[in-house]
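Here the structure is a predicted model, which means the values were calculated and not measured. Proteins get letters first, then strands, A, B, ... in listed order; numbering begins at 1 in each.
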Protein chains: 2
Amino acid sequence: MWQNEKMSNITISEARVTLGSLLRKPYEVLQVKVYAGLAARGFGDIRPAHSSVFRYIRPEGSRVSDLAELADMTKQSMAYLAGNLADLGYVTIAPDPTDARAKLVILTVRGRQVWDALVELSFDLEGQCAARIGAEKMAQLRAILGELAAAIAD
Amino acid sequence: MWQNEKMSNITISEARVTLGSLLRKPYEVLQVKVYAGLAARGFGDIRPAHSSVFRYIRPEGSRVSDLAELADMTKQSMAYLAGNLADLGYVTIAPDPTDARAKLVILTVRGRQVWDALVELSFDLEGQCAARIGAEKMAQLRAILGELAAAIAD
DNA sequence: GTATTTAGACAGTCATTCTGTCTAATCATT
DNA sequence: AATGATTAGACAGAATGACTGTCTAAATAC
């Protein structure tokens, strides 16, 4: 027993590829390509974890607490990432003039270059995908994914 | 300067939501729901990292090396996960009769229950999504994501 | 003006990956 | 059959990225 036999309603070999896998695989490929592109542009010290900062940071600077909330992580974890990026020269951490408790995380010129590169890489990669599967399907994909995100966020 | 001003061709506020984000958001929601469902069924000690094992393990058992290759990680990392699952009682690690160097990771009955729960949770969650966005769109989404994965995997 | 909340720092922990090195077993080639 | 190369996995150590808990100082609410 055990080999390919039905242990429950579905055998392992019959298992259908999950929606999660279908979402995960292209996402992971894109992520690898984005960070490879960043490295190729001289930003090899930017790691995926830093994307939580670049994804949500505002042009005038953002507070650690706000970034943490947007990224759905603790303030401590976000402070670690921001401090890390500050050590690497991509952001500066300055006191918030409107609240003496708070500190603003602000992109340096080099940080802004990373931000621009991220936008460009994402745009180019999506273009490459669209070129292969067709612009119409890409538009459909975007539309459906948007609906899915809205539908699933209870 | 700096506030909402054009520092490059695109300002931060103009940035379009990336394809990566569109893929990531529903994936993360699904993942949270799957692991919450697993916890609700009494498997609260299964963590997302363990999915690399459950995703690729074969019914007759799989070698650490094979799992590592499928999951695209080092043998050491996979051995850590397998050892972890063995400690938790979800797999046993037995010598491979066909190769004295190798060891087989084999699901226990309880491990198989987790596997079944993962299949069921994925199925149910997809059904819930389909109920909200429509079965036709879900079918389109599956089809396009499959094409995308094939197109992007250089 | 006191009490509560908020922002962040500091310390410690844990999980998940990695590299590097090692042994033992297998495979390939002479 | 002996040798050399490869493969499977173990062990040790480290880095990363997240957590909890506790603390101070500042801001806000009553």
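If you take CZ of R63(B) and P of dA24(C), they are 19 Å apart, rounded to a whole angstrom. The CG-P distance, from D45(A) to dA15(D), rounds to 16 Å in whole Å. Atom CG of L67(B) and atom P of dA8(D) are 12 Å apart (whole Å). Atom NZ in K103(A) sits roughly 8 Å away from atom P in dC10(C) (whole-Å rounding). Across the protein-nucleic acid pair, D66(A) atom CG and dT6(C) atom P stand 13 Å apart, rounded to whole Å. When rounded to the nearest whole Å, the span between NE2 of H50(B) and C1' of dT17(C) equals 13 Å. Following rounding to the nearest Å, Y35(A) (OH) and dT16(D) (P) show an atom-to-atom distance of 15 Å. For Q31(A) and dT17(C), the CD to P distance is 13 Å, given to the nearest whole Å.
Residues L121(B) and R41(B) are in side-chain contact: their nearest non-hydrogen atoms beyond the backbone lie under 4.5 Å apart. Residues F43(A) and Q113(A) form a side-chain contact, since some pair of their non-hydrogen atoms from C-beta on lies under 4.5 Å apart.
Residue K75(B) is classed as a base contact, given a heavy-atom separation below 4.0 Å to a base.
Closest approach to the Q76(B) side chain among dA12(D), dA9(C), dA18(D) is made by dA12(D) (side chain taken as heavy atoms from C-beta onward). Considering only the side chain of S77(A), dC19(D) comes nearest among dG17(D), dA15(C), dC19(D). Comparing dA8(D), dT16(D), dA27(D) against the side chain of R47(A) picks out dT16(D) as the nearest. Looking at the side chain of T74(B), the nearest of the listed nucleotides dT6(D), dT19(C), dG9(D) is dT19(C). Of the candidates dA27(D), dT26(C), dA10(D), dT26(C) carries the atom nearest the D99(B) side chain, counting heavy atoms from C-beta on.
A salt bridge does not link R58(B) with D66(B): every distance from a Lys NZ or Arg NE/NH1/NH2 to an Asp or Glu carboxylate oxygen is 4.0 Å or more.
Residues V17(B) and V29(B) share a single hydrophobic cluster, defined by chaining ILVMFWY side chains whose heavy atoms lie under 4.5 Å apart.
Mapping S52(A) and R101(A) onto DNA chain D by nearest heavy atom places S52(A) closer to the 5' end of the strand. When the nearest nucleotides of DNA chain D are assigned to A100(A) and M73(A) by heavy-atom distance, the more 5′-ward of the two goes with M73(A).
Between S65(B) and dG9(D), a side-chain N or O to OP1/OP2 separation shorter than 4.0 Å is present.
For D87(B), the CG atom is densely surrounded, since the number of other residues' heavy atoms within 6.0 Å is greater than 12.
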